[in-house]
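Computed from heavy atoms alone, side chains included, the values below leave out hydrogens, waters and symmetry copies. Quick caveat, the model's predicted, so the values are computed rather than measured. Lettering follows sequence order; numbering is per chain, from 1.
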Number of protein chains: 2
Amino acid sequence: MSEMESRFTEHRLTPQRRLVLQIFLENRDRHLSAEELYNLSREKEKEIGIATIYRTLELLEELGLLRKVNFGDGRSRYELIQMDLSEHHHHHLLCLSCNRIIEVEEDLLHQLEDTIEQKHHFSIVNHNLQFFGYCKSCQKNRQPND
Amino acid sequence: MSEMESRFTEHRLTPQRRLVLQIFLENRDRHLSAEELYNLSREKEKEIGIATIYRTLELLEELGLLRKVNFGDGRSRYELIQMDLSEHHHHHLLCLSCNRIIEVEEDLLHQLEDTIEQKHHFSIVNHNLQFFGYCKSCQKNRQPND
DNA sequence: ATATGTGCAAAGGTTTTGCAGGGCC
DNA sequence: GGCCCTGCAAAACCTTTGCACATAT
């Protein structure tokens, strides 16, 4: 945790903020919304006010610890930013049947980014790539005309 | 318009729905929100109730005429689905400085899609690709540490 | 003592829903 | 008539904000 803690130089690492981080570490595979964090904090019997959760998420994003992701379900979700070099290379597969979200490490986007930077004189900072489709298990179970 | 009208077999092509479609055709380069459509309908002095606009957008999406896109600005936006084969190949450049949205036709994603379909047994139906960065004119005007 | 953080409640913004009235087949 | 459509107003949701109190330096 010290890599993370070291980012709290001008901000206090309060029990609430620590708990939010802990919940993310315990749920690395999930993309949590404010409400889900609120419920998870209650399950731990360390309830955090919902306003504090929103403010904490905003802060953790500023500190570069979380990334806000939008899966079009009407609420903002957050994921831990992995602190290794492969971080930039990471996309999401969204299953239209079971709503599962699968992370994917492949990255063949460099070539495309180069093309776009040159052709459109657009300086790329980041990207967001989502694939919609059907996951392995839903393909098995799916009726022909789903 | 007849290609579009032909999709209204089980639903009526009412003046309100026709106007919404017309506004999209007149603003092909924009990604309109419900509120913007509401304002544009008022400018034409043919105001449509905001609830009707929401319901119309939902319907037009079901009919495959519009696509809902989310640019993270807290409201849903819609774009006309182009009815040619290049439709699938179309991405967005979002300028972090002036918030302009630029459409891009490049598509080098097939290779990546194939890799993902094989490696993850995920059947891809569609994708969403956004690049965040700085557009040509904002790069010129930008201070070194923006 | 001062700045920062928290929780509550209220407000804000977007979207959905219920319902009465209107139009079309 | 019956079904679909519209508009209004209310409700539902998610998120932000104001403020008083608490906590840390």
Side-chain angles (χ1 to χ4, degrees), chain A residues 4-23 30-63 65-79 99, chain B residues 4-23 30-63 65-79 99:
Chain A
M4 284 183 163
E5 290 177 356
S6 66
R7 304 218 182 176
F8 288 83
T9 52
E10 316 185 338
H11 303 273
R12 299 188 194 136
L13 184 46
T14 64
Q16 290 87 343
R17 291 170 179 174
R18 189 183 291 276
L19 178 58
V20 169
L21 277 175
Q22 191 189 330
I23 291 174
R30 296 179 59 188
H31 300 79
L32 299 167
S33 67
E35 192 190 0
E36 285 168 350
L37 283 159
Y38 176 68
N39 292 334
L40 288 167
S41 76
R42 292 180 62 172
E43 284 177 20
K44 289 182 179 295
E45 295 176 37
K46 292 173 193 166
E47 178 174 328
I48 309 177
I50 191 72
T52 302
I53 290 186
Y54 278 104
R55 282 183 286 227
T56 299
L57 290 170
E58 190 184 8
L59 175 66
L60 296 180
E61 193 188 8
E62 275 172 30
L63 295 181
L65 295 168
L66 297 181
R67 175 184 302 112
K68 189 190 274 198
V69 270
N70 197 318
F71 294 127
D73 61 350
R75 71 207 65 191
S76 294
R77 296 180 172 279
Y78 291 81
E79 64 182 16
N99 295 317
Chain B
M4 284 183 161
E5 289 177 356
S6 67
R7 305 220 181 174
F8 288 84
T9 52
E10 314 185 340
H11 303 273
R12 300 193 191 129
L13 185 46
T14 63
Q16 289 85 346
R17 290 171 181 175
R18 189 183 291 275
L19 179 57
V20 169
L21 276 176
Q22 191 190 332
I23 291 175
R30 296 179 61 188
H31 300 79
L32 300 168
S33 66
E35 193 190 359
E36 285 168 349
L37 283 159
Y38 177 68
N39 292 334
L40 288 168
S41 75
R42 292 181 63 173
E43 284 176 21
K44 287 182 181 293
E45 295 174 38
K46 293 173 191 167
E47 178 173 328
I48 309 176
I50 190 73
T52 301
I53 290 187
Y54 277 105
R55 283 183 285 227
T56 299
L57 291 171
E58 190 183 8
L59 175 66
L60 296 179
E61 193 188 9
E62 276 172 30
L63 295 181
L65 295 169
L66 296 183
R67 176 184 302 112
K68 190 191 272 195
V69 271
N70 197 316
F71 295 127
D73 60 350
R75 73 208 63 191
S76 294
R77 295 179 173 280
Y78 292 80
E79 64 183 16
N99 296 317

Enquirer: Which whole-number value in Å describes the distance from B:Q16 CD to C:dC24 C1'?
Expert: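 Distance check: B:Q16 CD to C:dC24 C1' gives 13 Å.
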Enquirer: If you take all heavy atoms of A:L65 and A:F8, which pair is closest and at what distance?
Expert: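 Between these two residues, the closest heavy atoms are CD1-CE1, 4.0 Å.
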Enquirer: Quick one: side chain to side chain donor-acceptor pair (under 3.5 Å) partners of B:R17, sequence neighbours excluded?
Expert: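 Applying side chain to side chain donor-acceptor pair (under 3.5 Å) to B:R17 gives none.
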Enquirer: Expressed as a whole number of angstroms, how long is the span from B:H11:NE2 to D:dC3:C1'?
Expert: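 Taking NE2 of B:H11 and C1' of D:dC3, I get 13 Å after rounding.
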Enquirer: For every nucleotide of nucleotides 18-25 of chain D, 5' to 3': is a protein heavy atom under 4.0 Å from its base (B), only from its sugar-phosphate (S), or from neither (-)?
Expert: B----BB-
Enquirer: Are any of B:S76's side-chain N or O atoms less than 4.0 Å away from OP1 or OP2 of C:dT14?
Expert: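 For B:S76, the contact criterion (side-chain N or O under 4.0 Å from OP1 or OP2 of C:dT14) is not met.
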Enquirer: Go through the steps for A:E43 and A:L40 under the test side-chain contact (heavy atoms from CB on, under 4.5 Å), then give the verdict.
Expert: CA-CA 5 Å; A:E43 284 177 20; A:L40 288 167; 3.9 Å; yes
Enquirer: Could you tell me whether the side chain of B:Q22 reaches within less than 4.5 Å of the side chain of B:K44, counting heavy atoms only?
Expert: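 A side-chain contact under 4.5 Å exists here.
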Enquirer: Between atom CD1 in B:I50 and atom P in C:dT15, what is the gap in whole Å?
Expert: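 Roughly 8 Å, once rounded to whole Å.
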Enquirer: Within this structure, what is the CG-to-P distance between B:L57 and C:dT17, rounded to whole angstrom?
Expert: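 So the CG-P distance, B:L57 to C:dT17, works out to 15 Å.
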Enquirer: Is any side-chain N or O of A:Y54 closer than 4.0 Å to OP1 or OP2 of D:dT16?
Expert: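 So the side-chain polar atoms of A:Y54 never come under 4.0 Å of the phosphate oxygens OP1 or OP2 of D:dT16.
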Enquirer: Would you say B:T56 and B:I48 make side-chain contact, with heavy atoms under 4.5 Å?
Expert: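 Side chain of B:T56 against side chain of B:I48, heavy atoms only: no contact under 4.5 Å found.
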Enquirer: Please give, in whole Å, the distance from D:dC5 C1' to B:I53 CD1?
Expert: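 Going from CD1 in B:I53 over to C1' in D:dC5 covers 14 Å.
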Enquirer: What pair of heavy atoms forms the shortest contact from A:Y38 to A:I50, and how long is it?
Expert: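 Scanning both residues, the minimum pair turns out to be CB-CD1, 3.8 Å.
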Enquirer: How many Å lie between CZ on A:R77 and P on D:dT15, as a whole number?
Expert: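 Nearest whole value for this atom pair: 10 Å.
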Enquirer: Between residues 30-43 of chain B and DNA chain C, which residues have a heavy-atom gap below 4.0 Å?
Expert: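 Of all residues in residues 30-43 of chain B, none places a heavy atom under 4.0 Å from DNA chain C.
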Enquirer: Got a second to check how far A:L63's CG is from A:E58's CD, nearest 0.5 Å?
Expert: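 With rounding to 0.5 Å, CG (A:L63) is 11.0 Å from CD (A:E58).
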Enquirer: Quick one: is B:R17 getting a side-chain N or O under 4.0 Å of the D:dC5 phosphate, OP1 or OP2?
Expert: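 True: B:R17 side-chain N/O within range (under 4.0 Å) of D:dC5 OP1/OP2.
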Enquirer: Atom CZ of A:R75 and atom P of D:dT15: how far apart are they, to the nearest Å?
Expert: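 Atom-to-atom, A:R75 to D:dT15, this comes out as 7 Å.
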Enquirer: Using only side-chain N and O atoms of A:T52, determine if any of them is under 4.0 Å from OP1 or OP2 of C:dG7.
Expert: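 Yes, A:T52 has a side-chain N/O under 4.0 Å of OP1/OP2 on C:dG7.
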Enquirer: Could you state the interatomic distance from CG (A:L59) to CZ (A:R7), rounded to the nearest 0.5 Å?
Expert: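 That separation rounds to 11.5 Å.
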Enquirer: Can you give me the closest heavy-atom contact between B:R77 and B:S33, atom names plus distance?
Expert: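 Smallest heavy-atom distance, with atoms named: NH1-N, 3.8 Å.
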Enquirer: To the nearest angstrom, how far is A:N70 atom CG from C:dT14 atom C1'?
Expert: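 The answer, rounded to whole Å, is 13 Å.
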Enquirer: Categorize A:I48 for me: base, sugar-phosphate, or nothing, with a 4.0 angstrom heavy-atom threshold over every strand shown.
Expert: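 Sugar-phosphate only.
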